[in-house]
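Convention: sequence-line order gives letters A, B, ...; per-chain numbering from 1.
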Protein chains: 2
Amino acid sequence: MELLLTYDVSTTTPAGRNRLRRVAKLCEGYGMRVQKSVFEIVCTEPELLTLIDKVQRIIDHDEDSIRIYRVPKGSFRTVRMFGTAKPLPHDDALIL
Amino acid sequence: MELLLTYDVSTTTPAGRNRLRRVAKLCEGYGMRVQKSVFEIVCTEPELLTLIDKVQRIIDHDEDSIRIYRVPKGSFRTVRMFGTAKPLPHDDALIL
């Protein structure tokens, strides 16, 4: 399945920047970081449960916000982009 | 239709913060700001074209990045949220 994970974290603090790095590293095992805190994820249901479990251990539940949207298959190829946004190839997405 | 607009802008500069505010104000006429730079949009195809035109006049095309994903009807009610993320009611979304 294809998902969009968006992560709102305060990057004005070292701790926030560190959490964003760790979430980014984790998500990049399942897909692509397409913006600072937006990730295009390709995974199975069990892998999603693992990802959610790991993400929940990283974020600060009182400060950070994670939203995970299910998007139709192929959405990553039909996304409309403006400015510096670029399409990113998903075929070599690492599934760990 | 339902869309997710994500906006990557550097908020370390006054100009970037100003652009984010203007994009947020614009998008809030079509839906909800659910995270600092993530907007849940409900609009028609013609309204989307107007929104895209207006957004393109605000952003810095060399620095900022906009991605617009089409999501299935009802996605905003099935989004999975963690941390401080909250569901937001869309029924009174203003369509300008």
Side-chain angles (χ1 to χ4, degrees), chain A residues 1-12 16-17 19-20 23-24 32-41 43 45 48-49 51-88, chain B residues 1-12 16-17 19-20 23 26 32-41 43 45 48-49 51-88:
Chain A
M1 78 186 125
E2 295 183 21
L3 304 161
L4 211 55
L5 185 149
T6 65
Y7 180 29
D8 221 10
V9 58
S10 160
T11 53
T12 53
R17 285 193 293 273
R19 292 196 302 270
L20 177 56
V23 167
M32 290 281 161
R33 184 182 198 176
V34 292
Q35 287 179 335
K36 238 178 310 182
S37 48
V38 176
F39 306 87
E40 291 178 355
I41 305 277
C43 69
E45 194 69 42
L48 174 58
L49 298 178
L51 174 60
I52 287 173
D53 177 56
K54 289 178 178 175
V55 160
Q56 295 215 66
R57 293 166 196 266
I58 295 173
I59 68 170
D60 179 324
H61 288 255
D62 298 325
E63 289 198 8
D64 304 351
S65 150
I66 293 262
R67 301 178 78 89
I68 299 177
Y69 296 88
R70 191 131 181 201
V71 294
K73 201 165 170 39
S75 290
F76 299 154
R77 280 189 298 279
T78 58
V79 55
R80 299 173 84 145
M81 292 168 280
F82 305 94
T84 60
K86 297 276 175 300
L88 291 165
Chain B
M1 77 187 124
E2 294 182 24
L3 303 162
L4 210 55
L5 184 148
T6 65
Y7 180 29
D8 221 11
V9 58
S10 160
T11 52
T12 53
R17 285 194 293 273
R19 292 196 301 271
L20 177 55
V23 167
L26 177 65
M32 290 279 160
R33 185 181 198 176
V34 292
Q35 287 179 336
K36 239 178 316 191
S37 48
V38 176
F39 305 88
E40 291 179 354
I41 306 277
C43 69
E45 193 67 43
L48 174 57
L49 298 178
L51 174 61
I52 287 173
D53 178 56
K54 289 178 178 174
V55 160
Q56 293 215 68
R57 292 166 197 269
I58 296 174
I59 69 170
D60 179 322
H61 287 256
D62 297 325
E63 287 198 11
D64 304 351
S65 152
I66 294 261
R67 300 177 80 90
I68 300 178
Y69 296 88
R70 192 135 181 197
V71 294
K73 202 165 171 38
S75 292
F76 300 154
R77 280 188 299 276
T78 57
V79 55
R80 299 173 84 143
M81 292 168 279
F82 304 94
T84 60
K86 297 275 173 302
L88 290 164

Considering only heavy atoms and a distance below 4.5 Å, find which of A:Thr11, A:Thr6, A:Asp60 pairs most often with chain B.
A:Thr6
Short side-chain to backbone donor-acceptor contact, A:Thr84 and B:Asp62, under 3.5 Å:
no
Go through the atoms of B:Glu2 and report whether side chain, backbone, both or neither lie under 4.5 Å from a heavy atom of chain A.
neither
Check: B:Lys86 main-chain N/O paired with A:Arg67 side-chain donor or acceptor under 3.5 Å:
yes
Which one, A:Leu3, A:Leu4, A:Val71, A:Ile59, leads in non-hydrogen pairs under 4.5 Å with chain B?
A:Leu4
Identify which part of B:Val38 has an atom lying under 4.5 Å from any heavy atom of chain A, answering side chain, backbone, both or neither.
side chain
Mark yes or no for whether A:Asp64, through its side chain, and B:Gly83, through its backbone, hold a donor-acceptor pair below 3.5 Å.
no
Quick check: do A:Met81 and B:Ile66 have side-chain heavy atoms less than 4.5 Å from each other?
no
Tell me, yes or no, whether the heavy-atom count around B:Arg80 atom CZ, taken from other residues, nucleotides or ligands under 6.0 Å, exceeds 12.
no
Decide side-chain contact (heavy atoms from CB on, under 4.5 Å) for B:Arg70 and A:Thr78; before the verdict, give the C-alpha distance in whole Å, the side-chain angles of both, and the deciding distance to 0.1 Å.
CA-CA 8 Å; B:Arg70 192 135 181 197; A:Thr78 58; 5.8 Å; no
Is it true that the side chains of B:Tyr7 and A:Gln35 contain a donor and an acceptor less than 3.5 Å apart?
no
Do B:Glu40 and A:Tyr69 come close enough that some side-chain heavy atom pair is under 4.5 Å?
yes
With a 4.5 angstrom heavy-atom cut-off, is it the side chain or the backbone of B:Val55 that approaches chain A, or both, or neither?
neither
Please examine the side chains of B:Leu5 and A:Phe82, heavy atoms only from C-beta on, and report whether any two atoms are closer than 4.5 Å.
no
OG/A:Ser10 to NZ/B:Lys36 distance, rounded to the nearest 0.5 angstrom?
5.5 Å
